[in-house]
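Presented below is the structure to which this report refers.
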Amino acid sequence: MSCLGSWPEPVVCVQSLAESGIRTIPVRYVKPPSQRPSGAAVERNVPRNIPVVDMEKLQSAAEVKAMAEACKEWGFFHVINHGINGEMMECLKDKWTQFFHQPLDLKRQYANSPTTYEGYGSRLGIEKAAILDWSDYFFINYLPVSLRNTAKWPAFPPSKELIEEYGKEMVKLCEKVMKGLSMGLGLEEEYLLKAFGGEEGIGACMRANMYPKCPQPDLTLGLSPHSDPGGITILLPDHNVPGLQVRKGDDWITIDPIPNALIVNVADQIQVLSNGIYKSVNHRVIVNSNKDRVSLAFFYNPRSDLIIEPAKVLVTEERPALFPPMTFDEYRLQIRRRGICGTSQQEQSI
């Protein structure tokens with residue numbers, strides 16, 4: 001990944017822009033009319049929430065089917081009774097909020113580069129003069145341990161111990177979700193975990209997101225439309241400020257957070273392994289004119305050097321392999337070069 005070098009232009013902290021009192025956003029953040037929240041695809045009279053899966057009931061055939069149907073129809077679902085301590089989740093969000101409100105000079109001690117993205121940043125992709133998103137973030141490599149650089153973790157809130165504790169709990173939850181996804185495809189319970197490299201082989205990372213309040217939220221986005229390149233993503237949302245939107249047909253659906261629930265979405269590598277049965281769906285983030293929004297995404301990924309391809313048992317004459325074999329490293333490099341995309345990442349890889 002070293003070929004990605006450095007950012008093509010000086011990186012501007014979006015939160016600093018928002019706090020400067022500007023009334024119009026810089027042109028670098030203004031999306032084309034068709035990509036704005038009020039553009040071509042808008043919310044209509046469509047259900048405003050994604051399915052709910054009860055993790056305590058996942059051993060039942062009915063709940064496995066419910067998870068599978070959610071992955072086929074939406075690519076997203078809430079999980080309840082997930083086993084993650086609610087106080088810990090709220091504490092972690094509060095601590096990341098405190099981090100983002102530290103002085104800029106302190107935050108810039110953790111400034112990142114496109115080589116690994118690890119640390120504090122405000123842009124994705126290295127295309128020069130690209131239209132940017134209205135957000136800042138902090139990215140952390142969690143697994144494998146060999147890639148974990150705790151020197152890049154904040155020395156002030158949140159604590160490294162809290163980050164590590166949350167990471168351990170999220171890995172446990174991801175393993176449970178992966179088993180449910182396998183069973184929903186009619187595969188052995190451990191199939192997808194093994195395809196990812198087993199418990200010792202998987203990769204995982206976290207991204208804390210700050211979407212500052214915006215004086216012109218109708219002109220920009222906190223995060224452009226994209227599908228996630230990895231395996232599965234579990235989002236700890238801001239339960240007070242909705243912002244995540246999921247594409248459903250021609251509509252963008254704003255997800256209403258459920259108290260204490262987490263949001264799971266299928267990412268590209270699971271779509272590949274399922275041969276397109278499970279959907280990796282485009283989603284985006286809108287911003288708010290009055291309130292900041294903080295969320296935390298946990299990305300669970302295959303071992304980077306393993307070939308990922310459709311499960312043989314899911315490839316038939318009637319449904320041939322829909323995706324070419326490719327390592328996650330090869331796939332991820334394409335994404336990092338061009339930034340996140342508004343159509344399926346995989347369609348652009350074929």
Side-chain angles (χ1 to χ4, degrees), residues 50-90 92 140 142-145 162-207 228 230-237 255 257-274 277-281 295-303 306 308 311 314 328:
I50 52 177
V52 178
V53 173
D54 187 339
M55 294 302 293
E56 286 187 350
K57 299 178 180 178
L58 197 55
Q59 291 305 313
S60 73
E63 207 65 17
V64 168
K65 182 179 179 181
M67 179 184 283
E69 289 301 314
C71 294
K72 294 173 184 177
E73 294 298 321
W74 286 87
F76 275 77
F77 53 93
H78 294 286
V79 288
I80 59 173
N81 295 321
H82 44 66
I84 311 290
N85 182 278
E87 290 184 3
M88 179 174 70
M89 294 193 304
E90 291 306 311
L92 188 61
I140 288 174
Y142 185 73
L143 291 175
V145 175
L162 182 58
I163 292 172
E164 185 157 4
E165 180 185 1
Y166 182 75
K168 287 179 181 177
E169 293 302 312
M170 292 302 288
V171 168
K172 292 177 187 175
L173 176 57
C174 287
E175 290 172 354
K176 294 176 183 176
V177 171
M178 291 283 281
K179 291 177 181 179
L181 295 177
S182 290
M183 292 187 290
L185 291 167
L187 303 172
E188 293 182 2
E189 186 179 87
E190 302 287 334
Y191 183 92
L192 292 177
L193 276 172
K194 290 178 180 177
F196 270 35
E199 293 180 7
E200 302 303 316
I202 61 101
C205 47
M206 307 181 208
R207 190 178 68 217
D228 291 345
I232 58 173
T233 303
I234 300 187
L235 182 72
L236 172 56
I255 303 305
I258 296 175
N260 297 317
L262 296 163
I263 298 172
V264 179
N265 68 275
V266 173
D268 293 349
Q269 306 309 308
I270 290 294
Q271 178 168 276
V272 169
L273 284 161
S274 73
I277 295 172
Y278 291 159
K279 310 301 182 188
S280 181
V281 172
S295 65
L296 182 61
F298 189 88
F299 304 100
Y300 187 85
N301 303 323
R303 202 178 82 193
L306 285 181
I308 302 296
L314 301 178
F328 184 49

Side-chain contact test, heavy atoms from C-beta onward, threshold under 4.5 Å: evaluate it for I80 versus V52 and give yes or no.
yes
Does this structure show an ion pair linking E175 with K172, if we count only N-O contacts that are shorter than 4.0 Å?
no
Shortest non-hydrogen contact from K72 toward I277
CG-O, 3.4 Å
Quick check: do E169 and N85 have side-chain heavy atoms less than 4.5 Å from each other?
no
Nearest non-hydrogen partners of S182 and E188, listed with the distance
CB-O, 3.2 Å
Pairwise side-chain contact, I263 with F76, heavy-atom cut-off 4.5 Å (strictly under)
yes
Over 60° means perpendicular and under 30° means parallel, so tell me whether F298 and Y166 are parallel, tilted or perpendicular.
perpendicular
Stepwise, does the side chain to side chain contact (heavy atoms under 4.5 Å, CB included) test hold for V171 with E199?
CA-CA 9 Å; V171 168; E199 293 180 7; over 6 Å; no
Just by distance, do the side chain of H82 and the backbone of N260 share a donor-acceptor pair under 3.5 Å?
yes
Is the backbone of L181 close enough, under 3.5 Å, to the side chain of Y278 for a donor and an acceptor to pair up by distance?
yes
At their closest point, which heavy atom of A267 faces which heavy atom of G230, and how far apart are they?
CB-O, 3.2 Å
Checking N301 side chain against A204 main chain: does a donor-acceptor pair fall under 3.5 Å?
no
Should L162 and M88 be marked as a side chain to side chain contact (heavy atoms under 4.5 Å, CB included) after you check the CA-CA gap, both sets of side-chain angles, and the distance that decides it?
CA-CA 8 Å; L162 182 58; M88 179 174 70; 3.9 Å; yes
Apply side chain to side chain contact (heavy atoms under 4.5 Å, CB included) to D268 and F328, showing your working.
CA-CA 10 Å; D268 293 349; F328 184 49; over 6 Å; no
The reported gap from CD1 in I50 to NE2 in H78 (rounded to nearest 0.5 angstrom) is 4.0 Å
Is it the case that more than 12 heavy atoms not belonging to N81 sit under 6.0 Å from its CG atom?
yes
Any side-chain heavy-atom pair of I202 and Y300 under 4.5 Å:
yes
Neighbour count >12 (heavy atoms, 6.0 Å) for atom CD, E69
yes
Go through the steps for N265 and L235 under the test side chain to side chain contact (heavy atoms under 4.5 Å, CB included), then give the verdict.
CA-CA 8 Å; N265 68 275; L235 182 72; 5.8 Å; no
Check T233 against F299 and note the closest heavy-atom contact, atom names and distance.
OG1-CD2, 3.4 Å
Please confirm whether the backbone N or O of K168 pairs with a side-chain atom of Y142, one donor and one acceptor, at under 3.5 Å?
yes
Just wondering, more than 12 heavy atoms not from E190 lying within 6.0 Å of its CD?
yes
Smallest heavy-atom separation, I308 atom then P302 atom, equals CD1-CB, 3.8 Å
V266 versus K279: any side-chain heavy-atom pair under 4.5 Å?
no
If you compare all heavy atoms of E63 against all heavy atoms of K57, which two are closest, and at what distance to 0.1 Å?
CB-O, 3.1 Å
Mind checking whether L262 and L173 have side chains closer than 4.5 Å, heavy atoms only?
yes
